[in-house]
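Throughout, residue positions are numbered sequentially from 1 according to the sequence presented.
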Amino acid sequence: MVDTASTSTPNTGTPSTGTPSTGVTSTGTTTGAPKADAAGDTAAGTPVGGTATDVRIDVDLVAELLLGRWAEDRRISRRLALDPAMHKIEGMPYADARARTLDQLRILVDAGAIQRPYPTEFGGQDNHGGNLAAFEELTTADPSMQIKAGVQWGLFGSAVHHLGTERNHREFLPGIVSFEVPGCFAMTETGHGSDVQSIATRATYDPETQEFEIHTPFRGAWKDYIGNAALHGRAAVVFAKLVTQGVDHGVHAFYVPLRDADGVFLPGVGGEDDGYKGGLNGIDNGRLHFDHVRIPRTNLLNRYGDVAEDGTYSSPIASPGRRFFTMLGTLVQGRVSLDGAAVVAQKVGLQIALTYAMQRRQFPTGDGSEGVLLDYGRHQRRLIPRLATVFAQSFAHEKLVRTFDDVFSGREDTPERREVLETQAAAFKSMSTWSALDTLQECREACGGAGFLAENRLTGLRADLDVYVTFEGDNTVLLQLVGKRLLTEFRAKAPKDAASTAKFVAAAAASKLADASGLRRLGQTVADRGSLAASVTDLQDPRTQRELLQGRVDTMVAQIGMRLASAGKDRARQALLLNRSQHELIEASKAHAELMQWDAFTEALDAVPDGDTKRVLVWLRDLFALGLLEQHLEWYLMNGRLTAQRARAVSAYIDRLIARVRPVVPQLLDTFGYEPGHVRAPIALGAEQARQDEARAWFAAEAAAGRLPEQEKKPRP
């Protein structure tokens, strides 16, 4: 196999150099920055290629920040993930992988690793945040095992726990928690995925027998892509339209037995195996269908809707729409856990790729020796900004888990808090899972041919996480949910009377005129006085960063909101305009998620004392912020939010920050806290270093002995 690592580091020039550190205030603003030259870099710097650096961060402090409130739960899970029996074996036939994953879930039960969120009477701890924190860390061992456990206890068990009442808990939870009853979460249908309200499976109540009849009327109504359905599932929580006394009361959840003790489908139940997939092949995904299957009335999970013996329906929530969204809201933990798992996978991938890049040598440098990949500017650009992003995502995820725990513990279980949780979960899950695919692919390419080998895990992680972007809510659909919440907030702030509306429109028009006329840019030009250094200094200010990020969100939401407002009360016109605005709405939702990640990073800095540690974390926060500005630079220029000079300063300062961070990369990787048993990639565990040491020792010995042949043409210095 050809080693393609060289594609990122062309044989021109020498490795880049770093810059001295600067002071940082307690609020996170950088002070005393060295004066920048026209290139936006300092005149003198510390060589980046060396192993020594004057900057020393408190690795333990940052590690604790990343572990978060439930640090001990994460540590316990990480220790469990070191067991070789829990590790994925690449290339294993999928039938064997399924059997291995089933055994891994039994290990979890024996280790007491899955009981945290359940009530104490079922062996639990009512520890909702700690459960998710621990669950995410299992990604380092085997994503299939982590997701199959999520199906059993995070979806199947959680549905019974949160959608059922005491009668359901007593009857069903003991078998679920002990894993005596492997189960399925049967919501998605072949014909309806994200649009759960339109599923076709029916649960029709028969008062004469006091039973529900579960039926899938056509092929598109089959439950599809269901974990545990192909082989192991003995029961399922089936989502179906509840029909009683001739009235459809919308989607409800039912506990439905599937197989007998020998694994044979019960009468009326059928299914198919989804077969080999693009990833997660340790999970037996399959399809289920029901032909007038009868279950007892009490198998309805009846927290939000119940049917009396005579067929009378009742619910504590009168509105069918609010009832539906309340039921689905109780299952938000799946999105929260996927956000965390995606962050964990990126950390592992970056640890592999960055370690390799600090050891793999390629192309002669100025002194004739080969340089390590991470000393080349382009290679730094590929990986170090993604390192900054994963720090931002880590802090944002910790904030999300705290919100989740506040709600599910009952401390702050209010409609407003649940709405915040659902919005954060939809936004962060979308951004981190997309980011995981991007980061793992870049890590794979940055490792060349070595990255393509299954033993180095990058291709396997990329394949296993691929489906994360579409399950537990397709990312594009989730971001529309976020966007609609933003529009709701915009409408709530918009004036209702004619006079105030006129002022509101005038203010919006004035803001738009300021953008179009260049007044904002003029202010920046005056402030910068033609100095790139002055532009950089302002971009270092967190107030400037937040204003730019917040301004993009506000402007995009306002533009869409004003457009929709032009339709007045014409619902058809509103729907048409909203459909035409979907792309912009999703971009606004992404911008909102990025702003929330920046906020979480900035808030995390408050827990760090002044010194090198805070200095480095501020660099990473600034790198994340300026990376977002660079990514959306066209928008900022077109909307008059940045001058051309400041746009140039964005990229120049990013390069400067990357060079500053480069010497600290080994320490930053140490803050992840992953041991060799978590990483398990030979190129990141000494194999590449051993090859390089052997090669350099051989050349040194040959040169000392005078056995090296004379070169026809000596390399140009």
Side-chain angles (χ1 to χ4, degrees), residues 28 61-78 115-118 124-139 150 153-154 158 161-162 329-344 346-347 389-433 435 472-473 478 481-482 485 546 592-608 617 620-621 624 671-673:
L61 172 63
V62 179
E64 286 298 313
L65 277 177
L66 294 175
L67 287 169
R69 178 183 294 174
W70 294 276
E72 187 55 30
D73 291 294
R74 290 188 183 276
R75 291 191 186 96
I76 291 170
S77 191
R78 288 184 180 191
Q115 292 89 344
R116 288 181 181 88
Y118 292 104
Q125 305 167 8
D126 284 317
N127 181 2
H128 302 280
N131 175 61
L132 287 189
F135 177 69
E136 295 150 10
E137 296 296 339
L138 296 176
T139 307
W153 295 291
S158 182
H161 183 193
H162 295 294
T330 63
L331 306 172
V332 72
Q333 65 177 323
R335 294 170 187 170
V336 179
S337 65
L338 289 181
D339 174 43
V343 172
V344 168
Q346 288 178 84
K347 289 177 181 177
T389 297
V390 86
F391 269 82
Q393 291 174 354
S394 292
F395 295 130
H397 178 68
E398 169 67 12
K399 194 171 180 179
L400 173 60
V401 177
R402 293 188 182 205
T403 304
F404 172 83
D405 191 69
D406 287 343
V407 170
F408 277 71
S409 68
R411 287 191 303 273
E412 295 185 40
D413 189 4
T414 64
E416 295 76 19
R417 195 64 171 159
R418 279 187 176 269
E419 186 169 304
V420 169
L421 171 61
E422 290 165 11
T423 303
Q424 286 182 345
F428 292 156
K429 180 266 184 184
S430 299
M431 300 303 285
S432 64
T433 55
S435 177
E472 294 300 310
L478 290 180
L481 181 152
V482 175
R485 295 272 164 81
R546 196 178 195 287
H592 178 64
E594 291 163 349
L595 173 64
M596 287 194 293
Q597 290 172 336
W598 184 93
D599 281 342
F601 202 150
T602 302
E603 290 168 15
L605 292 172
D606 291 338
V608 184
L617 290 178
L620 288 175
R621 192 275 314 275
F624 174 67
T671 68
F672 292 168

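- Side chains of Val336 and His397 form a contact here, defined as non-hydrogen atoms less than 4.5 Å apart.
- Taking the side chain as every heavy atom from C-beta outward, Glu603 and Phe395 never approach each other to under 4.5 Å.
- Scored by the side chain to side chain contact (heavy atoms under 4.5 Å, CB included) test, Thr671 finds Ile57, Val59, Val62, Leu66, Phe391 as partners (sequence neighbours excluded).
- Here the closest heavy-atom approach between residue Ala427 and residue Met596 is recorded as CB-CE, 3.8 Å.
- Between Ser394 and the options Gln597, Lys347, Gln346, Lys399, a side chain to side chain contact (heavy atoms under 4.5 Å, CB included) holds for only Lys347.
- Residues satisfying the side chain to side chain donor-acceptor pair (under 3.5 Å) test with Glu422, not counting sequence neighbours, are Arg485.
- At a threshold of 4.5 Å between non-hydrogen side-chain atoms, the residues Gln115 and Asn127 do not count as touching.
- Here the side chain of Ser77 pairs no donor or acceptor atom with the backbone of Arg74 at under 3.5 angstrom.
- To the nearest 0.5 angstrom, Asp73 atom CG is 14.0 Å from Phe135 atom CZ.
- Taking all atoms of both residues into account, the shortest heavy-atom contact from Leu400 to Ala425 is CD1-N, 3.7 Å.
- In this structure, the side chain to side chain contact (heavy atoms under 4.5 Å, CB included) partners of Arg402, at least two apart in sequence or on a different chain, are Arg69, Trp70, Glu398.
- Residues satisfying the side chain to side chain donor-acceptor pair (under 3.5 Å) criterion with Gln333, sequence neighbours excluded, are Ser158.
- Put simply, the side chain of Tyr118 gets close to the backbone of Trp153: a donor and an acceptor are under 3.5 Å apart.
- In this structure, the side chains of Arg116 and Leu132 stay at 4.5 Å or more apart for every pair of heavy atoms.
- Side-chain contact between Val401 and Glu136 is present, with at least one heavy-atom pair separated by less than 4.5 Å.
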What verdict does the side-chain hydrogen bond (donor to acceptor under 3.5 Å, both in side chains) test give for Gln424 and Thr403, after you've listed the backbone C-alpha separation in whole Å, the side-chain angles of each residue and the deciding distance to 0.1 Å?
CA-CA 9 Å; Gln424 286 182 345; Thr403 304; 3.1 Å; yes
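- Under the 4.5 Å side-chain criterion, counting only non-hydrogen atoms from C-beta, Asp413 is not in contact with Asp406.
- Atom CG in Asp405 sits 10.0 Å away from atom CG in Asp126 (nearest 0.5 Å).
- Considering every non-hydrogen atom in both Asp339 and Ser432, the closest pair reads OD1-OG, 2.7 Å.
- With sequence neighbours left out, Glu412 forms a side chain to side chain donor-acceptor pair (under 3.5 Å) with Arg417.
- Atom CZ of residue Phe672 and atom CZ of residue Arg78 lie 10.0 Å apart, to the nearest 0.5 angstrom.
- In terms of the side chain to side chain contact (heavy atoms under 4.5 Å, CB included) criterion, residue partners of Thr433 (sequence neighbours excluded) are, by chain and number, Ala342, Lys429, Tyr468, Val469, Asn475.
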